[in-house]
Colleague: 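Sending over a structure as structure tokens; questions will come in a sec.
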Amino acid sequence: MHKSLKIGVLIAATSLVGCDMFGGPSADIPDAELRKKWRECKTISNPSRTKVLACENYERECERRKGKGNIACY
């Protein structure tokens, strides 16, 4: 059972890392929602590995938008 759990976590983590590829799902998030999720990430003191990966994706999307002149996260 532990092996299947590890495989599930690995698949979930891999899919989150891939979210940034070709714009990914976070590119479709409205500015207000992205800002909310980005701010939430800044307040988590001990995030799970999955949450860390999600937050990294939000951070990348914020940076991508910032590069286009959209300062939704700042």
Colleague: I'd like to know if Glu61 pairs up with Arg64 as an ion pair, taking the criterion as any Lys NZ or Arg NE/NH1/NH2 lying under 4.0 Å from an Asp or Glu carboxylate oxygen.
Modeller: yes
Colleague: Which residues satisfy the side-chain hydrogen bond (donor to acceptor under 3.5 Å, both in side chains) test with Lys42, sequence neighbours excluded?
Modeller: Glu59
Colleague: So, taking the atom named OH in Tyr58 and the one named CZ in Arg35, what distance separates them when rounded to the nearest 0.5 Å?
Modeller: 14.5 Å
Colleague: List in chain and number order the residues that pass side-chain hydrogen bond (donor to acceptor under 3.5 Å, both in side chains) with Glu40, two or more places apart in sequence or in another chain; answer none if no residue qualifies.
Modeller: Lys51
Colleague: Step through the shown structure and confirm whether more than 12 heavy atoms of other residues, nucleotides or ligands are within 6.0 Å of CD1 on Ile71.
Modeller: no
Colleague: Got a second to check how far Cys62's SG is from Asn70's CG, nearest 0.5 Å?
Modeller: 9.0 Å
Colleague: Working to the nearest 0.5 Å, report the span between CZ of Arg65 and SG of Cys73.
Modeller: 7.0 Å
Colleague: Measure the spacing between CG of Leu34 and CG of Asp28 and express it to the nearest 0.5 Å.
Modeller: 11.5 Å
